[in-house]
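To start, the structure itself, in structure tokens.
When a ligand or atom number is given, it counts from 1 through the structure's own listing order. When a residue number appears, it is its place in the shown sequence, counting from 1.
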Amino acid sequence: MLVLAIESSCDETAAAVVQDGRSVLSNVIFSQIAVHAEFGGVVPEIASRKHLEVIVSVIEEALQKGAVGLDDIEGVAVTQGPGLAGALLVGISTAKAMAYARNLPLVGVNHIEGHLLAVFLEHPVEFPFIALAVSGGHTHLYRVDGIGRYTTLGQTLDDAAGEAFDKVAKLLGLPYPGGAVIDRLAATGDPAGMKFPRPLLHDGSFNFSFSGLKTAVLNHVQKNPTAREGASLNDLCASFQAAACEVLVGKTAAAVKTTGIKRVVVAGGVACNSALRREMGRLAGEENLELHIPSPLLCADNAAMLAVPGDHYLTNGLTSGLTIDALPVWPLDSIAERLRKKF
Ligand code: KG4
Ligand code: ZN
């Protein structure tokens, strides 16, 4: 099936054309980062307006780059949630209009489900696997038994991992979004330069907490006036990053140990982080795990990833109908129930 996928949950307007949930014909991403950077974070109302402004041209570009016409499209998949309500509605309304006008089946897809399955666009992965979803809004550990079969093992109790990177970057005076900037500065810093806490690392749960780590960085900066300068800044970034990654890797290792599932997928924007990729690789080597991390373009927000579950649902006749609404909060565990009811 040739699927057009549309994503507008946060600050990326994206559209992709994907064949059979596997072959990416095009994957167009319009990033709004420049628009939000001056505010130090995403401004929901501005995000919605920008999505509205560019979504049609992003879809046109996706069709053009995929060398297909609207007549060739056989189904539409759109992010239904979680995300910013107003931003989601732009993608959903566009998808509905196209499905209605062209008499195409439509399916609303969970954004995090897209992240978890993005790696399938590069190679197949066997079930079950442990998935670590780390993005700007999520830090979750899941057990994945199949498409649509997700069980939450643990999640953050406060900030998401990406949110912690962005907030630490902000207090260090670095531009938004700060995750990639911290990653770059950390490359020449000493990860043992400062000893930051590893919150909840040995609490026996699969939950995370990053707000205390963020406060520890703030306290360090307040006590050390030169902490944000030169080599000290690089050491600070490397030390914060090492603490965050140690917790993410440690909890994943614990999930593997408890479940006995030796196959791991790491997904979401923070999966671009070079230290996290390296440390996960080290864990995989030590514990003899099968590790799958998509290439950075497929870790960050994109529309192609939605076509993996989207294609699966559409080809199994699980369509959403034209009455779907945005689901700003949408836990992955509830998808099994939705599938039982056949949407
Ligand atoms: O998945 P994503 O693109 O959007 C959401 O669904 O949230 O994730 C965005 C998050 C941001 O917080 C960004 O700072 C973070 O991913 N990020 C990184 C890196 N690249 C992006 N965090 C750490 N290191 C990176 N290299
Ligand atoms: Zn995302």
Following the transitive rule for hydrophobic clusters with a side-chain heavy-atom cut-off under 4.5 Å over Ile, Leu, Val, Met, Phe, Trp and Tyr, establish whether [X] and [Y] coincide in one cluster.
X      : Y      : answer
Ile112 : Val125 : yes
Leu104 : Val17  : yes
Val109 : Leu2   : no
Ile33  : Phe30  : no
Leu332 : Val266 : no

Relative to the heavy atoms of [X], which atoms of ligand 1 are at a distance of less than 4.0 Å?
X      : value
Gly162 : 12 (O)
Phe165 : 23 (C)
Gly137 : 7 (O)

Quick one: does ligand 1 sit under 4.0 Å from the side chain of Asp301, the backbone, both or neither, non-hydrogen atoms only?
both
Report the part of Val270 in contact with ligand 1, treating N, CA, C, O as backbone and CB onward as side chain, heavy atoms under 4.0 Å; options are side chain, backbone, both, neither.
both
Got more than 12 heavy atoms from elsewhere within 6.0 Å of CZ, Phe127?
yes
NZ/Lys262: more than 12 non-hydrogen atoms of other groups inside 6.0 Å
yes
Closest approach of any protein heavy atom to [atom], naming residue and atom:
atom                    : result
atom 14 (O) of ligand 1 : Asp166 OD1, 2.6 Å
atom 26 (N) of ligand 1 : Asp183 OD2, 2.9 Å
atom 21 (C) of ligand 1 : Gly269 O, 3.4 Å

Is it true that [X] and [Y] have a side-chain N and a carboxylate O under 4.0 angstrom from each other?
X      : Y      : answer
Arg49  : Glu53  : no
Asp71  : Arg102 : yes
Asp203 : Lys251 : yes

How are the rings of [X] and [Y] set relative to one another: parallel (under 30°), tilted (30 to 60°) or perpendicular (over 60°)?
X      : Y      : result
His138 : His140 : tilted
His292 : His123 : tilted
Tyr142 : Tyr150 : perpendicular

Quick one: does [X] get an N or O within less than 3.5 Å of an N or O on ligand 1?
X      : answer
Ala300 : no
Asn273 : yes
Gly179 : yes
Gly136 : yes

Under a heavy-atom criterion of less than 4.0 Å, does [X] contact ligand 1?
X      : result
His115 : yes
Ala180 : yes
His111 : yes

Closer than 2.8 Å to the Zn ion (ligand 2), what protein N/O/S atoms do you find?
His111 NE2, His115 NE2, Asp301 OD1
